[in-house]
Amino acid sequence: MPHETDIATLDSIACLVREDDPVIDSIWLPGDGHLQMEDHQLGAVCSTLAGYLRDGFRGRRHDEFPMHICAWGKAHAGSPAPYDLFGLAGVPSYYQPVKSALRTLFAGEAPAPWNLPAAERQPCIVSKETQGPYSLGECLFISLRVLIEAGYPPDRLHLIIVEHDPASVLASWLSRLAALQTQERLLHHCIIAALNVNRVRRYARRHGVPVTHYVHEAGKEPLGAARALFRRLGISRRVEPLQAAGFERPGLYGSDSADGGRVGATTVADEHRRMLEEAGVYRTYRQAVAACIRDLDLDVWSSGKSRGETGSVVRLSARAGSCGIIGG
C-alpha cells in the first residue's frame with residue numbers, strides 16, 4: 001500500500017473500508033515526523049493501545065465495569081445537545097480517551113492507563129470518540145475494538161453513532177484544520193472517516209454491542225430528541241425533570257445554539273460535493289438518517305429538495321416535540 005494517500009490510494013482504501021476487508025489491519029500508517037513520528041501498522045497499533053488500556057482494567061470484575069455509553073462520530077461534526085445533558089444528569093463524561101491514547105502513541109510516548117471509576121460509585125459513564133482528521137490512523141481505528149480487546153465487557157457498552165451532513169463536516173475541516181494538514185489530505189481523510197462508520201457499526205454488532213443512531217441535526221430542537229435518546233438508552237430516570245410540554249416552543253433556543261454551536265463553514269466546492277456523493281459518503285449519511293428515525297421513533301412528515309443541493313430536506317417530528325433534520 002503506498003504511503004501517500006493520492007487519488008488512486010484513496011479509491012483503494014475507500015473500497016477496503018466499504019467492504020470491511022480484513023486486509024485493512026495490514027495497512028501501514030505513514031509517519032510525518034510531526035504529529036506521527038514513525039510508521040505504524042494499523043492492526044499492531046490497535047493491539048498496542050489495547051495493552052496500555054488493559055493495565056487500567058486488570059483485576060476488575062465484570063460487575064465492576066460501569067455501563068459505558070460510547071458516542072462516536074467524525075471530528076468537528078458538532079456535539080449533539082443530548083451529549084451535554086449527560087453532565088447535567090450526573091453522568092461522568094470523557095473526551096476521546098482512546099483517540100488521545102492513539103495520538104500519544106503516535107507522538108512516540110507511552111499512553112497512561114485509563115483508571116475507570118468503579119461501577120458501585122459511578123454506574124454509568126459516557127465517552128465521546130471522534131474519527132479523523134489529521135492522520136490516516138485517526139480515520140481508520142475503531143475505538144470500540146480497542147476497548148473490547150483491552151477487556152471491557154461488550155455487554156457493558158452501548159454505541160451511539162453520531163452523524164452530520166457530510167458537506168457541512170467537510171467544509172468545517174477545510175476551513176478550520178488546514179493549519180495542520182493540507183486541504184487535499186483533509187478531503188481524502190474526511191471521505192475515509194465518513195465511510196469508516198460501516199466498519200464501526202459492523203464491529204459493534206458482531207460483538208453484541210447495542211447501537212443507537214443520532215443525527216446532529218436532530219438537536220435543532222433538543223428537548224424531544226434528548227428525551228427519545230435517553231429513553232432509548234434506558235437512563236431517562238437519571239435526567240433532571242424537563243419542563244411541561246406546554247411550555248416548549250420549537251425554535252425557542254435557536255437553531256445554532258441548540259446543537260452546541262455552528263460547526264464552521266457550510267459550503268464546499270461542487271467538485272468536492274461530487275466526490276462525497278461518488279465515494280458513497282452521502283449514501284452512508286442517508287442510511288444514518290433513516291436509522292435515527294427508526295431508533296428514536298421519529299416521524300417523517302415532509303421531504304423535498306433544497307437549493308439544488310445533493311441532499312434532501314427531511315423534517316421529523318418526535319413524540320415529545322418536533323425537530324428538523326436536514327439530511328442528504
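- Applying the ring-ring contact (aromatic ring centres under 6.0 Å, His included) criterion to His68, with sequence neighbours excluded, gives Trp114, Tyr152.
- Listed by chain and residue number, nothing satisfies the salt bridge (Lys or Arg N to Asp or Glu O under 4.0 Å) test with Glu109 (two or more places apart in sequence, or in another chain).
- Between the side chain of Gln131 and the backbone N or O of Cys139, at least one donor-acceptor pair lies under 3.5 Å.
- Nearest heavy atom pair, residue Ala178 against residue Leu174, reads CB-O, 4.0 Å.
- In this structure, the side-chain hydrogen bond (donor to acceptor under 3.5 Å, both in side chains) partners of His158, at least two apart in sequence or on a different chain, are Thr212.
- Legend: residues meeting side-chain hydrogen bond (donor to acceptor under 3.5 Å, both in side chains) with Arg156, ordered by chain and number and at least two apart, are absent.
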Margin query: Working note: Ile27 + Leu16, criterion side chain to side chain contact (heavy atoms under 4.5 Å, CB included); need CA distance, chi angles, decisive distance, verdict.
Written below: CA-CA 10 Å; Ile27 287 179; Leu16 294 176; 4.3 Å; yes
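- For Glu278, the side-chain contact (heavy atoms from CB on, under 4.5 Å) partners are Arg274, not counting sequence neighbours.
- Between Leu170 and Leu187, the closest side-chain pair of non-hydrogen atoms falls below 4.5 Å.
- Panel note: side chain Glu138, backbone Leu102; no donor-acceptor pair is recorded below 3.5 Å.
- In this structure, Ile24 and Ile13 have side chains that are not in contact, with every pair of non-hydrogen atoms separated by 4.5 Å or more.
- By the side-chain hydrogen bond (donor to acceptor under 3.5 Å, both in side chains) test, Asp63 pairs with Arg61, sequence neighbours left out.
- For the side-chain contact (heavy atoms from CB on, under 4.5 Å) with Asn196, the qualifying choice from Ile191, Thr284, Leu140 is Leu140, the only one to do so.
- Of all heavy-atom pairs between Tyr94 and Pro97, the closest is O-CD, 4.1 Å.
- Classification of Arg199 and Asp21 as a salt-bridged pair fails, no side-chain N sitting under 4.0 Å from a carboxylate O.
- The OG atom of Ser172 sits 11.5 Å away from the NZ atom of Lys74 when rounded to the nearest 0.5 Å.
- One distance of note links NE2 of His213 with CG of Leu296; it measures 10.5 Å at 0.5 Å rounding.
- Rounding to the nearest 0.5 Å places NE2 of His34 at 5.5 Å from CG of Leu180.
- Under the ring pair (Phe, Tyr, Trp, His ring centres under 6.0 Å) criterion, no residue pair touches residues 123-142, with sequence neighbours excluded.
- The salt bridge (charged side-chain N to carboxylate O under 4.0 Å, His left out) analysis of residues 201-211, with sequence neighbours excluded, yields the pairs Asp20-Arg206.
- Contact between Leu49 and Pro111 at its shortest, heavy atoms only, is CD2-CG, 4.3 Å.
- Ile161 and Met67 fall into different hydrophobic clusters, where Ile, Leu, Val, Met, Phe, Trp and Tyr side chains are chained together by heavy-atom contacts under 4.5 Å.
- Contact of the Trp72 side chain with the Ile142 side chain is not registered, since no non-hydrogen atoms from C-beta on lie closer than 4.5 Å.
- The shortest side-chain heavy-atom distance between Ser93 and Ile125 does not fall under the 4.5 Å cut-off.
- In this structure, the side chains of Leu116 and Phe65 come closer than 4.5 Å at one or more pairs of heavy atoms.
- Annotation: salt bridge (Lys or Arg N to Asp or Glu O under 4.0 Å) contacts of Glu129 (sequence neighbours excluded): none.
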Check: So Leu157 and Ile148, side chain to side chain contact (heavy atoms under 4.5 Å, CB included) or not? Walk me through it.
Finding: CA-CA 9 Å; Leu157 297 168; Ile148 290 176; 3.7 Å; yes
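- Applying the salt bridge (charged side-chain N to carboxylate O under 4.0 Å, His left out) rule to pairs touching residues 42-57 yields Asp55-Arg58, sequence neighbours excluded.
- The side-chain hydrogen bond (donor to acceptor under 3.5 Å, both in side chains) test applied to Thr130 returns Gln96, Lys99, not counting sequence neighbours.
- With hydrogens and angles disregarded, a donor-acceptor distance shorter than 3.5 Å links the side chain of Arg18 to the backbone of Ala279.
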Next item on the list: List the steps, then state whether side chain to side chain contact (heavy atoms under 4.5 Å, CB included) holds for Leu144 with Val209.
Entry: CA-CA 9 Å; Leu144 198 67; Val209 176; 4.2 Å; yes
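- Cys190 SG to Arg185 CZ: the interatomic distance, rounded to the nearest 0.5 Å, is 14.5 Å.
- Side-chain contact check for Val162 versus Val215: every heavy-atom pair is 4.5 Å or farther apart.
- Looking only at side-chain heavy atoms (C-beta outward), Tyr282 and Arg273 come within less than 4.5 Å of each other.
- Shown here for Ala204 and Leu159, the closest heavy-atom pair between the two residues is CB-CD2, 3.9 Å.
- Between His189 and Gln181 there is a side-chain heavy-atom pair separated by less than 4.5 Å.
- Note that CG of Leu136 is 12.0 Å distant from CG of Asp32, once rounded to the nearest 0.5 Å.
- Atom-to-atom distance recorded for Leu35:CG and Ser135:OG is 7.5 Å, nearest 0.5 angstrom.
- When all heavy atoms of Glu163 and Ala288 are compared, the closest pair comes out as CG-CB, 3.4 Å.
- Not a single ring-ring contact (aromatic ring centres under 6.0 Å, His included) links Tyr52 to another residue, sequence neighbours left out.
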Next item on the list: Please lay out, stage by stage, how Leu147 and Val98 fare under the test side chain to side chain contact (heavy atoms under 4.5 Å, CB included).
Entry: CA-CA 8 Å; Leu147 287 173; Val98 179; 4.1 Å; yes
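- Contact detail for Arg103 and Gly132: the closest heavy-atom pair is NH2-O, 4.2 Å.
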Check: Taking it one step at a time, do Glu277 and Arg283 satisfy salt bridge (Lys or Arg N to Asp or Glu O under 4.0 Å)?
Finding: CA-CA 7 Å; Glu277 183 68 42; Arg283 182 172 61 252; 6.0 Å; no
